[in-house]
Structure formats: structure tokens, C-alpha cells
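Structure first, commentary second.
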Amino acid sequence: MTPNATTEDVTPAGHTPPAGRLHRWILPVRPPKPVNPALLKHAVQRQEFVQNRISDAITAFAGSMAFVYIHILWFAGWIGLGVEHYPFGLLTMIVSLEAIFLSTFVMISQNRADAKRQVLADQQWRTVQEEDEQNQQLLSLTRQILALTQEVRGYAALAEENHKQNEQLLDMSRRALALTKEVHAAGTSAPGHPDPDRDSAPDDQEDGA
């Protein structure tokens, strides 16, 4: 972009630049090219047939101010130059036939608009189907994650319970060991308890005699 360029000189992608005075007042302005890939593909497929190109050109011209100006000049010249006298039967017949064909082209343009809407509707439906499939996959993954989380919590609770049981068993073992030591200490220090050394001493003396 040059430094002197303004925002009016820049046109978005897929849009035609602003038309000049001739296009504004007389010639038909071409519609912007579609940006949607589905509509762009539909337009390319439609332009493959000659009759579609002809009907599009006629409807574009019939919907412009040039068509109105031509008819104004035609009617003024027909009546002013006296091509035929009142009630202008030939002009009426020509205009009636023209109206019949133009109404046909109007219906053709409506069919073209309906086809475009159908293309957009089909694309939106495919998008909805893809989003629904993705949502189903996400829901399935979420359920799997929830099941794994519950299993992990179950294992953690079981491990904690086993740890508590091990702590209890260890505490009971320590208490049993302490009680055993107390019983052994009390038994050895009680009065009248036979001393094994004293009982064996006389026996040794007798054996020596």
C-alpha cells in the first residue's frame, strides 16, 4: 500500500471496486463475487452452461436503469415519430410479449436465488452434522475420563484404607511387643522366683565331693 492511499481505494477481497457514473446511472453493476466456498463452487458450476450465462446476462440487464432508459426512448420515439396511430396495437403486442419473457427471466432469477439458498442450507446442515459428530466424540471422551477418574479415586481410597490397616497392624505389633517386654521384666523380678544359678550350685558341689 502506498503512503497516499486512502481507505476508499482499498476494497475487501471478493468485492468489486466502486462503480463510475456510467455504471451508477446507466449500465448494470455487477454483483460482488461470493466469498463462501460453497457459493463460489455453485457459481462456477452454473457458468459452465451457456444458457445459464445468457439468462444471467439478460436478468442483470433487465434489472438495470439502462433497460428503463431504453424503453423510455423507444416509447417516446414510437409515439412521437408516429410509427403507428392510437391505440398502438403493435406496440402493445410487443410490450406484452416482452413482459411474458421478462416474467420468465424473473422466475429464472428466483430459481437461481433458491438454488443459492439451498446450497447455503446444505452447507449449514453438513456443518451441523459435523459439529454434532464432534460433540458426540467429546461426550464419549468426557465419559471415559469420568470413568478413569472414578477408578483412580477408588484405587486411592483402597490404598488409603490399606495404609490405615497397615498402620493399625504396626501399632498393634508395637503394643504387643511392649506388653511382652513388660511381662518378661515382671516375671524375672518377682520374689520367690527360682534362680537357675542357685539351683545348679549344690549339684555341682555334690558332684565334686
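Along the sequence shown, the residues carry numbers beginning at 1.
Follow the hydrophobic side-chain contacts under 4.5 Å out from L179 and you never reach L177; the two are in separate clusters. I70 and L73 fall into different hydrophobic clusters, where Ile, Leu, Val, Met, Phe, Trp and Tyr side chains are chained together by heavy-atom contacts under 4.5 Å. If you chain together hydrophobic residues whose side chains sit under 4.5 Å apart, L141 and L148 never meet in one group. Residues I58 and V106 are members of separate hydrophobic clusters, defined by side-chain heavy-atom contacts under 4.5 angstrom among Ile, Leu, Val, Met, Phe, Trp and Tyr. Under a hydrophobic clustering in which Ile, Leu, Val, Met, Phe, Trp and Tyr are joined whenever their side-chain heavy atoms come within less than 4.5 Å, directly or via other members, M93 and W78 fall into the same cluster.
Atoms CG and CD, from L91 and E98 in turn, are 9.5 Å apart once rounded to the nearest 0.5 Å. To the nearest 0.5 Å, the span separating CD on Q118 from CH2 on W125 amounts to 12.5 Å. Rounding to the nearest 0.5 angstrom, the gap separating the CD1 atom in I54 from the OG1 atom in T59 is 11.5 Å. Here the OG-OH distance, from S64 to Y69, works out to 9.5 Å after rounding to the nearest 0.5 Å. E131 contributes atom CD, which lies 13.5 Å from atom CZ of R126 (distance to the nearest 0.5 angstrom).
In this structure a side-chain-to-backbone donor-acceptor pair under 3.5 Å is present from N111 to M107. For T149 (side chain) and I145 (main-chain N/O), a donor-acceptor pair under 3.5 Å exists by modelled atom type.
For Q110, the side chain to side chain donor-acceptor pair (under 3.5 Å) test picks out no residue, with sequence neighbours left out.
The two residues G77 and V83 come nearest to each other via the heavy atoms O-CG2, 4.4 Å. Looking at every heavy atom in both residues, L138 comes nearest to T142 through O-OG1, 2.7 Å.
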For this session: Carefully, step by step, assess W74 and I94 under the rule side-chain contact (heavy atoms from CB on, under 4.5 Å).
Result: CA-CA 12 Å; W74 175 27; I94 294 174; 3.3 Å; yes

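For F75, the CZ atom is densely surrounded, since the number of other residues' heavy atoms within 6.0 Å is greater than 12.
At least one side-chain heavy atom of L102 sits under 4.5 Å from a side-chain heavy atom of F67.
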Would you list the atom pairs, donor with acceptor, under 3.5 Å between side chains in residues 151-172 and any protein atom, with sequence neighbours excluded?
{"residue": "N162", "atom": "ND2", "partner": "L158", "partner atom": "O", "Å": "3.2"}
{"residue": "N166", "atom": "ND2", "partner": "N162", "partner atom": "O", "Å": "3.1"}

